[in-house]
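Remarks on the structure that follows.
Ligands are counted one by one from 1 in listed order, and the atoms in each one are counted from 1 as well. Please read all numbers here as calculations on a predicted model, not as lab measurements.
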Amino acid sequence: MEKLRSAVIGLGRMGAEPSSRLEGKVPAGWLPISHLEAIQSICDLTLEAICDLNESRMGEIAEIYEVDKKFTNYKELLDQEKIDFLCIATRTGERSEIISYAISKGTKYIYFEKPVSRSISECDSIIELARQNNVVLGYGVNRRYNDVYRFAKDFIKSGELGKLMQITIEAGRSNLLWSHPHSTDLILFFADSVDLEYIQGTCSFQDGYLPENNSYIDDDPIIENAYYLFKNGIQAGINLTGGFNVRLGCSKGILTIYGDGSYIEIKSGSGYFTNHKIIDFIPRSSATINAFRDMVYSKNDTARLPITPEEIRIGLLMLIGTLQSSLYGGKRISVDQVNHELIVTGRSGNSYA
Ligand SMILES: NC(=O)c1ccc[n+]([C@@H]2O[C@H](COP(=O)([O-])OP(=O)(O)OC[C@H]3O[C@@H](n4cnc5c(N)ncnc54)[C@H](O)[C@@H]3O)[C@@H](O)[C@H]2O)c1
């Protein structure tokens with residue numbers, strides 16, 4: 001296979017932070033997490049160019065990764081270089097514009113960070129453009145590509161713990177767009193469905209923010225609690241318990257992934273599930289590498305697609321729907337009732353998700 005010419009736009013933490021600076025700060029198996037390092041770890045990709053508005057950061061990154069071609073304007077990069085595989089790790093505001101421009105220049109694989117966009121209609125435009133141009137999309141909800149979470153899903157599917165009934169995400173007091181794209185994506189990943197019956201939630205705003213209306217939220221609200229019911233009967237929830245644990249309640253036991261994939265606990269047996277085992281699972285390769293490989297191979301084998309466009313869309317719809325439910329006093333809302341034009345800026349102080 002001919003190697004795919006690659007580039008990274010946005011060279012901050014997700015785009016380019018080297019593993020050497022992250023060791024000990026993330027659980028085993030997460031590294032390399034940055035787009036740039038993952039590209040350089042995959043033999044099907046060649047790193048051609050990088051782009052960032054911040055020239056001093058770009059200079060530092062160019063030296064570490066030995067890249068010659070540097071751009072401060074992504075359009076110039078995409079005009080001058082034929083890029084097959086593009087990674088976008090800027091903040092969310094300009095993401096859809098960059099994706100559209102890359103597609104117009106013939107890029108066929110685009111991996112972009114979460115959240116996909118600030119509204120559902122913006123997400124729909126990206127997905128439709130990608131569909132029309134046969135572009136493979138990858139999305140920075142990296143836990144679904146992590147071997148620990150994949151192992152857990154296979155274990156649940158094996159049926160050893162009976163039927164999956166309840167998915168609980170314990171992500172602490174976290175923001176809707178900064179953190180919870182991971183939560184809703186994990187819910188979709190384990191539920192193995194995008195068919196929701198309804199969404200219900202309570203959010204709070206940061207620093208005394210009060211929205212002027214229900215269609216433009218200039219904040220990145222905190223999810224206090226959220227509840228989702230799937231048409232297949234699976235229930236899911238997000239609560240304030242911390243630690244980033246994913247609890248999968250089944251008819252014959254409970255599987256819990258603790259500490260963002262640090263280890264797995266399986267409880268089984270009759271009644272109180274007192275049989276107990278811990279699995280320390282070391283992934284074979286990082287989630288980012290798994291995602292990139294699956295994107296490349298999915299061109300010839302669609303079963304390898306790391307995430308479907310519908311999963312990207314419904315993950316965002318669950319977030320916007322949770323906020324909308326909260327704005328209406330915690331009312332249950334169906335998927336059809338979610339406002340596609342509701343914009344959430346994802347602002348926390350001077351920073352955006
Ligand atoms: N997947 C994950 O686990 C995860 C974790 C943290 C952040 N994120 C997401 O990744 C994105 C980036 O987060 P981060 O922490 O790496 O941010 P960051 O601020 O560290 O990096 C963003 C970089 O993009 C550059 N940039 C901004 N606009 C640009 C433009 N138009 N052209 C070129 N460069 C531009 C900035 O100069 C900066 O260097 C965010 O959307 C965030 O929500 C994902």
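For atom 9 (C) of ligand 1, the closest non-hydrogen atom on the protein side is Lys114 O, 3.4 Å. For atom 20 (O) of ligand 1, the closest non-hydrogen atom of the protein is Arg13 N, 3.2 Å. The protein atom (non-hydrogen) at minimum distance from atom 5 (C) of ligand 1 is Met14 SD, 3.3 Å. For atom 30 (C) of ligand 1, the nearest non-hydrogen atom of the protein is Leu53 CG, 3.6 Å. The protein non-hydrogen atom at the shortest distance from atom 21 (O) of ligand 1 is Gly12 CA, 3.2 Å. What sits closest to atom 41 (O) of ligand 1 on the protein, heavy atoms only, is Arg95 NH2, 2.7 Å. Nearest non-hydrogen protein atom to atom 22 (C) of ligand 1 is Ala89 O, 3.5 Å. Of all protein heavy atoms, the one lying nearest to atom 44 (C) of ligand 1 is Glu113 OE1, 3.0 Å.
Nearest residue to atom 40 (C) of ligand 1 from Thr90, Val26, Thr288, Thr92 is Thr90 (criterion: closest heavy atom). Across Tyr74, Trp178, Tyr352, Trp30, heavy-atom proximity to atom 42 (C) of ligand 1 is greatest for Trp178. For atom 37 (O) of ligand 1, the candidate residues are Ile61, Asp52, Ile50; the nearest heavy-atom contact is made by Asp52.
Contact analysis leaves Glu17 out of contact with ligand 1, as no non-hydrogen atom separation drops below 4.0 angstrom. The shortest heavy-atom distance from Met58 to ligand 1 is not under 4.0 Å. In this structure, Arg91 is part of the shell of residues with a heavy atom less than 4.0 angstrom from ligand 1.
The side chain to side chain contact (heavy atoms under 4.5 Å, CB included) with Ile167 is formed by just one residue from the set Ile238, Leu186, Ile156, Leu248; it is Leu248. None of Asp219, Asp220, Asp218 except one satisfies the side chain to side chain donor-acceptor pair (under 3.5 Å) rule with Arg347; the exception is Asp218. Each of Ile61, Ile50, Leu77 was compared with Lys70 under the side chain to side chain contact (heavy atoms under 4.5 Å, CB included) criterion, and only Ile50 meets it.
Ion pair Arg304/Asp294 flagged as a salt bridge, since at least one NZ, NE, NH1 or NH2 atom sits closer than 4.0 Å to an Asp/Glu carboxylate oxygen. Between Glu113 and Arg95, no side-chain nitrogen of the basic residue sits less than 4.0 Å from a carboxylate oxygen of the acidic one, so the salt-bridge criterion is not met. Glu97 and Lys75 are not joined by a salt bridge, as no carboxylate oxygen comes within less than 4.0 angstrom of a charged side-chain nitrogen.
A cation-pi arrangement, defined by a distance under 6.0 Å to the six-membered ring centre and an angle within 45 degrees of its axis, is absent between Arg118 and Tyr352.
Checked against a 3.5 angstrom limit, the closest N/O atoms of Gly140 and ligand 1 fall inside it. The shortest N/O to N/O separation between Thr72 and ligand 1 does not fall below 3.5 Å. Between Glu94 and ligand 1, an N or O atom pair is found at a separation short of 3.5 Å.
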Next item on the list: For salt bridge (charged side-chain N to carboxylate O under 4.0 Å, His left out), just list the numbers for Asp44 and Arg293, CA-CA rounded to whole Å, side-chain angles, deciding distance to a tenth of an Å, and then say yes or no.
Entry: CA-CA 8 Å; Asp44 299 304; Arg293 277 211 195 101; 5.9 Å; no
Notebook entry, point to check: Between Phe112 and Tyr139, is a ring-ring contact (aromatic ring centres under 6.0 Å, His included) present by the stated rule, with each step listed?
Noted result: CA-CA 5 Å; Phe112 50 87; Tyr139 185 35; 5.4 Å; yes
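Residues Asn213 and Ser215 have side chains that bring a donor and an acceptor to within less than 3.5 angstrom of each other. A donor atom on one side chain and an acceptor atom on the other are found under 3.5 Å apart for Glu37 and Ser19.
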